[in-house]
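Both ligands and their constituent atoms are indexed starting at 1 by order of listing. Below, each value reflects all heavy atoms present in this structure, side chains not excepted, and no hydrogens, waters or symmetry copies.
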Amino acid sequence: MSEHNLAIVILAAGQGTRMKSATPKVLHRLGGRTLLGHVLRTAESLGGDLVRVVVRYERDRIVESLADYPGAVPVDQDDVPGTGRAVQVGIEALPDDFDGDVLVLSGDVPLIEADTFRAMLEEHRTRGAHATLLGAHLADPTGYGRVIRDDAGMVERIVEQKDATAEEAATTEINPGVYVFRAASLRDALAQVGTDNAQGEMYLTDVIGILRRAGHAIAGVTAPDARAALGVNDRVQLSEAARILNSRIVRRWQREGVTVQDPATTWIDDTATLAPDVTILPNTHILGATTIAENATIGPDTSLVDTEVGAGATIRRSDVNLAVIGAGVNVGPWAYLRAGAELADGAKAGTFVEIKNSTVGAGSKVPHLSYVGDAEIGEGVNLGAGAITANYDDVNKHRTVIGDHVHTGSHTVMIAPVTLGAGAKTGAGAVVRKDVPPGALAMSVAPQRNLQGWVENNRSGTAAAEAAIQARTAQEATDGE
Ligand code: UD1
Ligand code: CA
């Protein structure tokens, strides 16, 4: 007897023609993972150490996507089409002496939770069943296999929509396409499945009728949420499934102490992590491996991707990707933080500010209209409005180093590579081409010349000239007093 009592076979060999996509269906994404990724995670949490993923269409791409799930072993389906054949090749790839239970999952049914499968396994074992189905009723059962019961209400067989009589098709009890089987019964029954049906395929669903006719018990567990049991066959169903998953994730974080003001416009990937007392304002996307520490406020209108946010930080109306944001940092409105932007505690990236591949020291501020790229900014720095690090000379990117407590005048351009020493200052409009020693004031703008009367002389008759004459006359009157 094998040491294992549970094997999981995941069906992922189909193309998913209704997606009309160059990407195989099970690699389409929702909530930060692929459809198949969600199923693999569920399989993992069930402790299935015998996981077989049946592949065929675009098999290399799907096999590559299994890299994050070391327990999942791909198995190639051959020319024989159908879910029955897929399961057959899946169980042939199990250890020969395996005689436990086989949980069959579908790579395109991503939302059924592990607890539902645990309930199915439990019912299967306590009832001594040979097969256990998941029960679901749908007001509109179109497209699904229908569960046909006998007069005593016992499951008799499953009939595919394309093979159903009008009477059978009227049944609203559908087959979500996930099952538990006894391995030996499944092997025997599959050996009897043919391809004599509307699609010329080996139907896994035929196994139910075969087991029943052999006198074996078929058990059933009702799905807690029929909508969650639905598969994804086209992009309408993909967006519906994404919304169901998202509301589940939002509710989970609300129960963990996160304030989400508008769940309908808040999208949180399954891969993100939020601390208690985080506040999420409307129209905000928290994606990828983003983590948000306590008391941070995010949004409205903000997108965070693979970003780390410190405690008490505030990010408003901003786009942030692969950044690290310290405690108490203030970002936005309308900031764009790109890969490698690292803002230390108490720093600020304000309005119309873009920062990439740069560190901004504790308490340093980049408040308005700035581009900071490939820079290292010390602590207590203030970059005046319109500061630009000119990091690119058309060939290479260069670094700008700005020491602690540097203050730059408005509209300073720093031509990298360049260093501003600690405590240095720049005049407004400075173009800094040479290093500035610590504590020096750098000025590069020529002294101002005023050409008296230029507007009156060269633009006479314009509103500006009239205003100038009035102001000059008033001034002369005052001076004459
Ligand atoms: C299947 C069920 C149907 C059920 C529905 C639920 C059968 C015959 N029908 O129909 O009763 O209501 O799921 O979603 O099982 N696959 C393979 N190899 C194949 C064919 C399919 O691995 O040769 C995989 C697909 O990639 C997919 C899954 O099996 O992940 C289901 O296949 P699909 O073609 O979508 O089956 P349905 O027609 O939806
Ligand atoms: Ca399907």
Side-chain angles (χ1 to χ4, degrees), residues 8-19 21 23-28 34-40 43 52-59 61-63 65 74-91 93 104-112 131 133-138 140-148 155 157-164 168-169 171-179 181 186 189-190 193-210 223 226-238 241:
I8 300 178
V9 175
I10 302 175
L11 307 188
Q15 175 178 1
T17 37
R18 284 167 282 180
M19 295 300 279
S21 176
T23 300
K25 174 167 70 179
V26 297
L27 294 189
H28 280 258
T34 63
L35 294 175
L36 180 58
H38 286 284
V39 178
L40 286 161
R52 299 291 177 267
V53 182
V54 184
V55 297
R56 181 170 166 85
Y57 179 75
E58 291 271 20
R59 57 96 57 203
R61 287 176 70 181
I62 293 172
V63 169
S65 83
V75 182
D76 287 285
Q77 189 174 345
D78 56 15
D79 287 339
V80 182
T83 49
R85 182 58 180 168
V87 170
Q88 200 169 37
V89 303
I91 57 174
V104 175
L105 305 180
S106 200
D108 65 349
V109 181
L111 298 186
I112 301 176
L133 303 176
L134 186 60
H137 284 269
L138 284 186
D140 176 10
T142 311
Y144 289 91
R146 310 295 205 282
V147 177
I148 308 300
V155 172
R157 62 200 159 86
I158 294 172
V159 59
E160 291 306 291
Q161 157 124 3
K162 287 180 177 144
D163 302 284
E168 288 166 342
T171 309
T172 57
E173 187 178 2
I174 62 111
N175 166 36
V178 297
Y179 325 77
F181 296 104
L186 180 58
L190 280 169
V193 171
T195 57
D196 181 17
N197 52 54
Q199 303 184 78
E201 295 182 354
M202 268 182 79
Y203 288 165
L204 174 60
T205 44
D206 284 357
V207 163
I208 301 300
I210 291 169
R227 293 181 321 154
L230 302 187
V232 170
N233 293 307
D234 61 25
R235 302 203 197 214
V236 174
Q237 290 171 329
L238 179 65

- line: For D108, the N, O or S atom at the shortest distance from the Ca ion (ligand 2) is OD2

Hey, which atoms in ligand 1 end up nearer than 4.0 Å to a heavy atom of [X]?
X: Q77; value: 17 (C), 18 (N), 19 (C), 22 (O), 23 (O)
X: G145; value: 3 (C), 4 (C), 11 (O), 12 (O)
X: A12; value: 22 (O), 26 (O)
X: A86; value: 17 (C), 18 (N), 22 (O)
X: G107; value: 30 (O)

Kindly say whether [Y] contributes a backbone atom to a donor-acceptor pair with the side chain of [X] at under 3.5 angstrom?
X: K25; Y: M19; answer: no
X: T171; Y: E173; answer: no
X: D206; Y: I210; answer: no
X: R146; Y: A169; answer: yes
X: Q77; Y: V80; answer: yes
X: D163; Y: A198; answer: yes

- prompt: Checking salt bridge (Lys or Arg N to Asp or Glu O under 4.0 Å) for the pair D79/R56: CA distance, chi angles, key distance, verdict?
  reply: CA-CA 9 Å; D79 287 339; R56 181 170 166 85; 3.0 Å; yes

So which of [options] gets nearest to [atom], if we judge by its closest heavy atom?
atom: atom 6 (C) of ligand 1; options: V178, L204, N175, I208; result: N175
atom: atom 10 (O) of ligand 1; options: R85, Q199, K25, E160; result: E160
atom: atom 14 (O) of ligand 1; options: P141, G82, P176; result: P176

Nearest-neighbour protein heavy atom for [atom], which is reported as residue plus atom name and distance:
atom: atom 16 (N) of ligand 1; result: G14 N, 3.9 Å
atom: atom 29 (O) of ligand 1; result: L11 CB, 3.3 Å
atom: atom 22 (O) of ligand 1; result: A13 N, 2.9 Å
atom: atom 13 (O) of ligand 1; result: G177 CA, 4.5 Å
atom: atom 38 (O) of ligand 1; result: R18 NH2, 4.3 Å
atom: atom 21 (C) of ligand 1; result: T83 CG2, 3.8 Å
atom: atom 33 (P) of ligand 1; result: D108 OD2, 4.6 Å
atom: atom 27 (C) of ligand 1; result: S106 OG, 3.8 Å

- prompt: Can you find a protein heavy atom closer to atom 35 (O) of ligand 1 than 4.0 Å?
  reply: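 Yes.
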
Does any part of the side chain of [Y], heavy atoms only, come nearer than 4.5 Å to the side chain of [X], both counted from C-beta?
X: H38; Y: L111; answer: no
X: T83; Y: E201; answer: no
X: R59; Y: D76; answer: yes
X: Y203; Y: I158; answer: no
X: L11; Y: V104; answer: yes

message: I'd like to know if the Ca ion (ligand 2) has an N/O/S atom from S106 within less than 3.0 Å of it, counting both backbone and side-chain atoms.
response: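 It does not: S106 brings no N, O or S atom closer than 3.0 Å to the Ca ion (ligand 2).
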
message: Does the residue I174 have a heavy-atom contact with ligand 1, meaning some pair of atoms that are separated by less than 4.0 Å?
response: no

field: Test item, G231 contacting ligand 1 (heavy atom, 4.0 angstrom)
entry: no

message: Using a 6.0 Å cut-off, check whether atom CZ of R61 has over 12 heavy atoms from anything other than its own residue.
response: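 It does: R61 CZ has more than 12 such atoms within range.
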
Option passing side chain to side chain contact (heavy atoms under 4.5 Å, CB included) with L204 (candidates L186, V9, V193): L186

query: Where's the contact between N233 and ligand 1, heavy-atom distance under 4.0 Å: side chain, backbone, both or neither?
result: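 Side chain only.
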
task: Tell me which part of R56 gets within contact of ligand 1: side chain, backbone, both or neither, using heavy atoms under 4.0 Å.
output: neither

